[in-house]
Amino acid sequence: MMDLSPETRKKITQLTAKYPQKQAALLPVLHLIQNEMGYIPQEAEIWVAELLGLQPVRVKEVITFYTMFLEKPIGRYHLQVCTNLSCTLAGAEHILNYLIKKLGIKPGETTADGRFTLTTVECLGACEQAPCMMINFDYYGNLTPEKIDEILDGLE
Amino acid sequence: MVKITIDGRQVEVKEGMTILQAAESIGIEIPHLCFHPAFPPEGSCRLCLVEIEGRPKLELACSTIVQEGMTISTQSETVRQARRSVLEFLLAEHPLDCPICDKAGNCQLQDYYQEYGLFDSQFKENKERKSKKVALGKNLILDRERCILCTRCVRFLKEITRTGELGVFQRGLRSEIDYFPGQPVDNNYSGNLAELCPVGAITDKDFRFQTRSWFLQSGPSICPHCSRACSIYIDYHVGFPRVELDKYVYRIRARENPEINDYWICDFGRYNYAYLEKKRATKVLVRENGQAQEGDWDSQIERLVKKIKEFYLKKKTNRIGLVLHSALTNEELYLAKKIFQEDLPEVNIFLIDPPEGEGDNWLLTPSRTPNLKGLELIGLQPQKFPPEKPLTELEILIIFAYLPHGEDQYNQLRSLLEKSHFSVLFTAHQTALMNQVDVVFPTTLLAEKEGSVVNVEEKLQKFPAALTPPGTARSEREILLTLGRGLGINFSFYRQLKTPAAVFDQLSQDISYFRGSK
Amino acid sequence: MADKEKYLTKLFGLKNLHKIEVYLQNGGYEAAKKAIKTKKPQDILNEVKAANLRGRGGAGFPAGVKWGFVPQGVEKPKYLCVNADEGEPGTFKDKYIMSHNPHLLLEGIIITSYCVGIHQAFIYIRGEYEMIARRLEKAIEEATAKGFLGKNIFGSNFDLEVIVHRGAGAYICGEETALLESLEGKRGHPRLKPPFPASIGLFGCPTVINNVETIANIPFIMARGAEWFTQIGLPKDGGTRIFGVSGAVKKPGIYELPLGTSLRELIYNYAGGLPEGKKLKAVIPGGMSAPVLKADEIDIPLDFESLMKAGSMLGSGAVIVIDHETSMLDVLRVVSKFYAHESCGQCTPCRVGVAWINKIVQRIAAGGGQPGDLETITRLASAIKGKTLCPLGDAAAMPILAIVEKFKDELLDQIGSLKDN
């Protein structure tokens, strides 16, 4: 059985009631599960499928389509560095290289202590603060190596 | 009706038709891969783009509905160039392993390339590497490199079987067909996916690497394995001049029939075809003093006719037993009725069919023979078997046996055989019964006959012989005609029924159901 | 001079504008109240049509005309989907509207829904904007508590529910039919058109889909009238646009300006021009899909028609400024990587063609350029353009074609020098 907190379960129940068709609640429910578990394990796919009256394959189709859904656990802090145009114009490559060097991992990898996962992403919609990145759901803009040091030091 | 112009030809077509259908109706083929008439248009392969006068962009033939006055070009240079581009894209990431692909020779992508492509590849990059041997279920193998993502397989399982096992995972160039771990395609219609796949991405484990499609010919027939009697093709090898093959039939495919099975057949019907060649009876065998010897058709039939005549003249036809099955054609059952129910009164007619199996609420019926309905309509009135009151003795027992599903159902005949003075067996297969009868005659299977059957929904189908019978095997129709003529009770009637068509004509004069059907 | 014409962003400087009290103190929800209490839906539709409000998401389709396509008198429910997917690279304007003034969007949603006869509206917001989604949800709670949303709003017999729905990382879901699929809990595969969403949209029902900024304009049209609106912008293209400027400028950010403002003015007067020592090389005027303009092409009014004539487009109003030190090969590399990453994979030309171009570009960038590569890119992009199932194919092909055409010599030089190294 799925190991979800009562709050998340309650939110899921409220959510599914809002939509005219059950399947429409799929993305929001997956977000809730990932928020709590950090990723979406296979047993959760089966659980969600049953909840929404779908086949598990439909859930997996969706999870593998959207880049934000994770099928495997990642580090506590997900550093998502934008490498799209405005950020590239503002030196995203240097920012990325700085993080690669500082953390000792390549994009797609997680530090040995499980603290950081580094990925590159497409435009985050914060081009006015380029170069930018997201750490989990927080935006950080106008990045410089010094600012990155400061931000990472400030994390638990 | 709507007036349109296609490639300079003015035509009137039905309202609501798509351009693809309209073109097809006047013999113009527009290439397409993702479109299949069983599903709503998908519009994803982009191969069927055509030019419509006054429209800025090329439009899809598969989904655009014809409108009054539309002028369509399916062969303009713009259209041909668009087709070449789509083919170039499809082939760019395609492994081009046609020499080892089962679909080669029968592949839509290959055919279209022959017609519209014929370019040198400009693709200098690394092709995506994907898994080439994914078991999709017990009958299918998926080669993801060959897959062109037309999603016919996904849509078949979603919309037709509603089992939905397959989906598209990942996205963009990395998109691939897959199933949820532990839930592969194991429904009773999985084999259709290999047929539906326009390229060699989904292949049939049973057919994989067995032969090349260009050695095969397709004989239209009907599936004998249940009362749906689906229309099928039997794909058989044409053989080599100096090499004897140990196998000729390589696969069964669905034959389109909107009345009965659309484009599909079930796996039970598809994969049960070994019986066509395995353990076939090929010779007339005569048992004398416990020894079986080869006999000849004419003299042994003559012997049977004489015996029957003897008891006919003695008015002891109630001492004759006949065992039938419902995998015979209407023509055969009709002749059996004429001889054994009308010419010869009081013959004990029994029906022994394979035991019922499970149906699947779609095509597969519980009954495992194709012509139970035909037998009813023709008016044969067999007794139950075993008979309610035990028969004391039979002078003659004539058995027409049907054995593709095993011979358990004939076990109860053994006691009857012991009480029969003279017994003959008409069988297409070698069976244990052969040792207990006086004469064995090799007969043919439905695939080797011309004739007709009536399916569970009372739909009549006629079919030609798809295969050549083995050895000296003769069809039950020929055998029954010989008996009919030989008995001489109604000689002129049987003499005129030289062809299956003639029997059918006679049948339709006699029985109203068959009247008016061509 | 433009400040007095600003209306969408005028209040953005106010502290706590996102709270309903502050919004109400500044005249908030008056337009919605007026609409519901005093106007018939048909009056509102006529007003929006007369205002010539063109969609702010990219395609520029007139909003009033779109609403007019929705069949009335059908039994099925009708839906509104607000497109807040904002994924077009360079675009961040909707984020400002939703985070600074969520109630403005809600007010626009109320009027739109009342006009079309909609009782359930969805705000489809890109998954990364989680914080903004929460702010919107808070605003919905506040508005519901005041009786502006929910049952019998403003004491009328009109009901409206608004649901914030987060995407999960897929650019294609900004395309309206992919958005619908995504909202229904499926992969974001665009649908074949026709049928159009106005007749068969969300859950198979008539659906209006508008961009956030488009909807945010509605309360102002309601309050001040179509005539005022068309006077601000252009007669055929009413109102202001919120331009987002990024890249090589001193003051990147959003600028609300009347349609028709010149691109040069935006870059040099508003965004402060390029940083010291940098010279202008090129501008992408309407989000990444818009074909690039060279430095000598920027004396052009920012409106749909003018940019279309110049071979580009106004798109989402996202202006990306490229300086002389930036290599156009780098720009091409980022553009082709983006579209290859975001292709949904459904149709052949986009799935294979865009990825093929990207493979060539990445090879060139890695020093493996070969003679004929640029010609191949042009040929492939032309084969994609106009032949895909949804607009993503064009969105990828057009900027790639423009970069290769306008900067061919530079690209050839770079191919050569990369090979030499």
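Throughout, protein chains are lettered first and strands after them, A, B, ... in sequence-line order, and every chain is numbered starting at 1. Quick caveat, the model's predicted, so the values are computed rather than measured.
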Top contributor to chain A contacts, counting heavy-atom pairs under 4.5 Å, from [options]:
options: M288(C), E86(C), E161(C), E88(C); result: M288(C)
options: V245(C), I163(C), T326(C); result: I163(C)
options: A170(C), P89(C), G244(C); result: P89(C)

With rounding to the nearest 0.5 Å, note down the distance linking [atom1] in [X] to [atom2] in [Y].
X: F338(C); Y: T83(A); atom1: CZ; atom2: OG1; answer: 10.5 Å
X: D330(C); Y: L89(A); atom1: CG; atom2: CG; answer: 8.5 Å
X: S86(A); Y: F92(C); atom1: OG; atom2: CZ; answer: 7.5 Å

Can you tell me if K11(A) has over 12 outside heavy atoms packed within less than 6.0 Å of its NZ?
no
Would you indicate whether K10(A), at its atom NZ, is surrounded by more than 12 heavy atoms from other residues, nucleotides or ligands within a distance under 6.0 Å?
no
Considering only heavy atoms, which portion of [X] lies under 4.5 Å from any heavy atom of chain A: side chain, backbone, both, or neither?
X: Y79(C); value: side chain
X: K186(C); value: both
X: V249(C); value: neither
X: E325(C); value: neither
X: C173(C); value: side chain
X: I172(C); value: side chain
X: I284(C); value: side chain

Tabulate, in ascending numerical order, the residues of [range] having at least one heavy atom closer than 4.5 Å to a heavy atom of chain C, or enter 'none'.
range: residues 54-69 of chain A; value: E61(A), V62(A), T64(A), F65(A), Y66(A), T67(A), M68(A), F69(A)
range: residues 17-37 of chain A; value: K18(A), Y19(A), P20(A), Q21(A), Q23(A), A24(A), L26(A), L27(A), P28(A), H31(A), N35(A)
range: residues 101-122 of chain A; value: E122(A)

Contact residues of residues 122-136 of chain C (partner chain A; heavy-atom separation under 4.5 angstrom)
F122(C), Y124(C), R126(C), G127(C), E128(C), Y129(C), E130(C), M131(C)
Of L124(A), L15(A), T88(A), the largest count of non-hydrogen pairs under 4.5 angstrom with chain C goes to L124(A)
Can you tell which of Q129(A), E93(A), M134(A) has the highest number of heavy-atom pairs within less than 4.5 Å of chain C?
M134(A)
Could you tell me which non-hydrogen atom of G90(C) sits nearest to which non-hydrogen atom of C123(A), and how far apart they are?
N-SG, 3.7 Å
Check each atom of A90(A) against the heavy atoms of chain C and say whether the ones under 4.5 Å are side chain, backbone, both or neither.
neither
Are K93(C) and E128(A) close enough for a salt bridge, meaning some N to O gap below 4.0 Å?
no
